[in-house]
Visitor: 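Please see the structure below; I have some questions.
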Amino acid sequence: MNLAVREIAERASGHLGLPPQEIYPLITSPPDEGLGDYALPCFAFAQKLRRSPAEIAKELADVLRGGQHIVNAESAGPYVNITVDRAKLMQYVLSGILSGGENYGRESDGAGKTIVIDYSSPNIARPFSIAHLRSTALGNSLKRIYEHLGYRVVGVNHLGDWGVQFGTLIAAYNRWGSQERVEQDSIYELFRLYVRFNEESERDPMLKEEARAWFKRLEDGDPEALKLWKWFVDESVQAFQRYYELLGVEFTEIRGESAYRDQMAPLIEDLLQKGIAKESQGAIVIPFEEEGLTPLIIRTKDGTTVYATRDLCSAIHHYEKYGFHKKLYVVDAGQSLHFKQLALALGKLGYPWATGLVHVPFGVMLFEDQRMSTRRGHVVFLEEVLKRSIELTRSIIDTIKKSSELTEKEKEQVAQDVGVSAIVYADLSRSRTHDINFRWDEVLNFNGQSGPYVQYTHARLAGVLRKYGKSIPSELTYSLLSHPQEISLAKCLEEFPMKVKHAAEEYEPFVVAGYLGNLAASVNQFYDNCRVLGEEPSLEEARIALVYSAKIVLKKGLELLGMKAPERM
RNA sequence: GCGCCCGUAGCUCAGUGGAUUAGAGCGCUGGCCUCCGGAGCCAGAGGUCGCAGGUUCAAGUCCUGCCGGGCGUACCA
């Protein structure tokens with residue numbers, strides 16, 4: 001908390017006889033910067049003290065005016081608008097960032113706590129579509145955000161490498177596949193086989209029976225089925241690694257559903273014995289009559305398991321292994337019911353930690369206003385999007401004068417860093433719950449508050465610092481930083497730690513993404529109004545410190561989103 | 001039918017722990033490079049916050065009903 005805000009809370013507290021902790025959260029900003037730096041609405045006090053808010057505001061203005069960090073306080077109806085000592089504010093913000101450096105805003109909230117995040121978790125034999133980016137980007141960013149807040153974070157890729165879909169794949173391969181074609185075009189060929197099987201099985205329902213039979217054989221340990229399964233998994237994982245490298249996404253643990261094969265039968269036994277699960281219509285289910293939910297199927301009438309069975313096992317496994325404080329499932333909103341049932345089932349098993357399971361849902365990705373369907377081919381592949389974004393970035397680089405300083409190799413690297421980040425930012429700059437309609441012209445527009453805009457702003461500041469060439473001065477005359485753009489930039493920088501915490505609380509990287517867009521805008525306004533290099537030395541030094549501080553926050557913010565922060569572009 | 005999510009500017013969206021005049025980007029119109037990077041900056045036009053009630057001194061925000069869209073709702077994940 002900055003000193004001025006603390007002083008406002010304390011002085012108001014002294015006058016009103018209310019604890020400062022009750023006042024602090026009420027302090028906001030006035031609608032117009034011209035009115036002051038902070039505002040204190042008095043409605044809550046009025047209710048408690050049974051007096052008119054305007055009257056209280058008037059008194060508080062008088063009380064606050066005497067503060068050390070406060071240069072003016074005016075009542076405006078039920079509000080007190082407060083102007084603080086800008087030099088002190090500037091000193092507070094900049095010295096905090098300069099001394100913290102890369103660790104600015106780092107918190108110890110999460111000390112001693114572990115968070116497991118299940119994200120990306122793609123299904124084998126399906127190339128990533130742009131829709132797969134959502135879970136991957138959200139989870140990756142949440143991982144970074146929680147790490148920044150001091151949590152130990154375990155990133156889990158719960159691969160969809162088990163289930164009846166493998167029966168489908170094996171049956172399809174046996175009918176139409178060839179080793180040669182799969183080796184040549186790996187995941188895309190597997191995908192074609194999968195699609196063809198689904199199409200043909202609509203005309204011929206017997207095919208579905210064939211697929212189920214193959215999955216049954218797989219679960220029973222049939223060597224032929226296992227061999228093919230292993231091969232398909234390996235081919236797919238290789239392709240996934242390509243995406244993850246490009247996106248800069250890493251996992252602590254890549255552990256597919258198949259890892260829980262041996263734990264499922266004992267778990268089902270246990271659930272039956274405890275009377276939590278029961279047989280119904282040939283299947284084994286966990287009923288939720290009291291909760292008013294449909295039952296959760298954990299074993300089909302064929303005797304095979306389903307993903308819910310494996311999710312139960314994985315939750316238990318992760319708790320036993322990591323003792324998590326929370327486990328986040330970054331999975332689309334369509335699976336809400338499933339996760340509700342999952343947590344309830346584990347609660348019935350007597351696990352108190354079941355309350356720590358959190359479904360972090362997100363809306364679906366549409367393409368041309370329609371739901372993407374990998375089966376029907378109405379789909380945009382992630383590789384295609386990244387490729388086009390990188391190409392576009394490359395062509396823009398070639399039109400920019402400043403970029404001629406880059407070597408050919410550097411240009412390629414920048415094109416990749418910026419092109420990929422543009423796609424990530426486009427995804428993370430909207431709140432999770434909305435459906436997103438994918439449109440090429442929107443994703444590939446790098447004007448305005450886009451990923452490249454934030455990166456460009458960072459590179460601009462990097463350019464100034466490079467040209468400055470000296471180390472960042474430590475003795476500064478903060479009072480020289482009094483331009484309105486300097487003040488609003490400093491205030492914006494001060495918000496960063498709060499925004500990161502907020503993002504973590506809401507599981508919303510979007511909060512950071514939106515903040516970064518605003519910060520970049522503030523930086524560019526400053527840049528346009530305030531020259532840095534060549535100014536009178538003490539002013540130049542002060543502005544350099546501001547530039548450096550802004551660069552640190554931009555870079556950190558980009559990292560929290562899983563984006564790159566190139567020094568030149 | 002029931003449950004969850006969504007409905008704010010032409011488009012994409014913030015704002016939904018009530019509170020000073022509802023914000024941003026795109027697109028459109030018009031300005032700004034002798035000056036640290038124009039992927040930039042400035043200005044303008046553009047709104048019955050889905051509809052109707054209710055609670056409140058105060059509602060885009062809370063409650064109820066309705067309309068429109070999406071998803072889920074027992075053997076897919």
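What you are looking at is a predicted structure, and each value in this text was computed from that prediction instead of being measured. Numbers restart at 1 for each chain; the letters A, B, ... are given by sequence-line order, proteins then strands.
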Visitor: Just list the side-chain donor-acceptor pairs under 3.5 Å for residues 459-473 of chain A, sequence neighbours left out, or say none.
Guide:
| from | atom 1 | to | atom 2 | distance (Å) |
| --- | --- | --- | --- | --- |
| A:R460 | NE | A:Y456 | OH | 3.3 |
| A:R460 | NH1 | A:N524 | OD1 | 2.7 |
| A:R466 | NH1 | A:E567 | O | 3.4 |

Visitor: Quick one: is A:Q455 getting a side-chain N or O under 4.0 Å of the B:rA39 phosphate, OP1 or OP2?
Guide: no
Visitor: What interatomic distance, in whole Å, is found between C1' of B:rC41 and the corresponding atom of B:rC4?
Guide: 44 Å
Visitor: Provide the distance between the two P atoms, one in B:rC76 and one in B:rG1, to the nearest whole Å.
Guide: 27 Å
Visitor: Both distances below 3.5 Å, Watson-Crick or wobble geometry, any strand: find the nucleotide opposite B:rC26.
Guide: B:rG10
Visitor: For the P atoms, the ones on B:rA74 and on B:rG18, what distance do you get once it is rounded to whole angstrom?
Guide: 39 Å
Visitor: With both distances under 3.5 Å as the test, what is the Watson-Crick or G-U wobble partner of B:rC41?
Guide: B:rG31
Visitor: Could you state the atom-to-atom distance from CD of A:Q165 to P of B:rA77 in whole Å?
Guide: 7 Å
Visitor: Should A:N198 be listed as having a side-chain N or O under 4.0 Å from OP1 or OP2 of B:rC76?
Guide: no
Visitor: Expressed in angstrom and rounded to an integer, what is the separation of A:L489 atom CG from B:rC41 atom P?
Guide: 14 Å
Visitor: Check the distance between B:rG40's P and A:M569's CE and give it to me in whole angstrom.
Guide: 10 Å
Visitor: Pairing check on B:rG46: which nucleotide meets the Watson-Crick or G-U wobble criteria with it, both distances under 3.5 Å?
Guide: none
Visitor: Nearest whole angstrom, please: distance from the P of B:rG37 to the NZ of A:K551.
Guide: 15 Å
Visitor: Where does B:rC33 fall, syn or anti, if syn means a chi angle no more than 90° from 0?
Guide: syn
Visitor: May I have the distance from A:N529 (atom CG) to B:rC36 (atom P), rounded to whole angstrom?
Guide: 15 Å
Visitor: I want to confirm an ordering. Mapping A:G463 and A:F43 to their closest nucleotides on RNA chain B, which one lands closer to the 5' end?
Guide: A:F43
Visitor: Decide yes or no on side-chain hydrogen bond (donor to acceptor under 3.5 Å, both in side chains) for A:R432 and A:Y507, but give the supporting numbers first.
Guide: CA-CA 9 Å; A:R432 284 187 278 114; A:Y507 316 111; over 6 Å; no
Visitor: At 4.0 Å (heavy atoms only), tell me whether A:V532 reaches a base, stays on the sugar-phosphate, or touches nothing.
Guide: base
Visitor: Please report the distance separating the P of B:rG17 from the corresponding atom of B:rC5, rounded so that it comes out in whole Å.
Guide: 14 Å
Visitor: So which pairs with a foot in residues 528-541 of chain A pass side chain to side chain donor-acceptor pair (under 3.5 Å), sequence neighbours left out?
Guide: A:E536-A:S538
Visitor: Closer than 3.5 angstrom, by distance alone: can the side chain of A:S389 be matched with the main-chain N or O of A:V385 as a donor-acceptor pair?
Guide: no
Visitor: Which whole-number value in Å describes the distance from A:R134 CZ to B:rA77 P?
Guide: 24 Å
Visitor: Let's test this: given Watson-Crick or G-U wobble pairing with both distances under 3.5 Å, identify the partner of B:rU64.
Guide: B:rA52
Visitor: Any N or O donor-acceptor pair under 3.5 Å from the base of B:rA74 to the side chain of A:S280?
Guide: yes
Visitor: Does A:R255 make a cation-pi contact with A:Y260 (under 6.0 Å, within 45 degrees of the axis)?
Guide: yes
Visitor: Calculate the interatomic distance between A:F446 atom CZ and B:rC26 atom P; express it in whole Å.
Guide: 14 Å
Visitor: Have a look at A:K467 and say if it touches a base, only the backbone sugar-phosphate, or nothing, with a 4.0 Å heavy-atom cut-off.
Guide: sugar-phosphate
Visitor: Examine the base of B:rA39 for any acceptor or donor lying under 3.5 Å from a partner atom in the side chain of A:Y456, and report the outcome as yes or no.
Guide: no
Visitor: Under 4.0 Å: is that the gap between some side-chain N or O of A:Y453 and OP1 or OP2 of B:rC41?
Guide: yes
Visitor: For B:rA52 versus B:rG7, give the span between their C1' atoms, rounded off to a whole number of Å.
Guide: 16 Å
Visitor: Quantified in whole Å, what is the P atom distance between nucleotide B:rC36 and nucleotide B:rU29?
Guide: 29 Å
Visitor: Could you go through the side chain to side chain contact (heavy atoms under 4.5 Å, CB included) check for A:D427 and A:M365 one step at a time?
Guide: CA-CA 10 Å; A:D427 199 320; A:M365 179 85 75; 3.9 Å; yes
Visitor: For B:rC2, give its Watson-Crick or G-U wobble partner with both distances under 3.5 Å, or none.
Guide: B:rG72
Visitor: Strictly below 4.0 Å: does A:N445 bring a side-chain N or O up to OP1 or OP2 of B:rG25?
Guide: no
Visitor: Using the closest heavy atom to pick a nucleotide of RNA chain B for each, name whichever of A:R212 or A:S29 lands nearer the 5' end.
Guide: A:S29
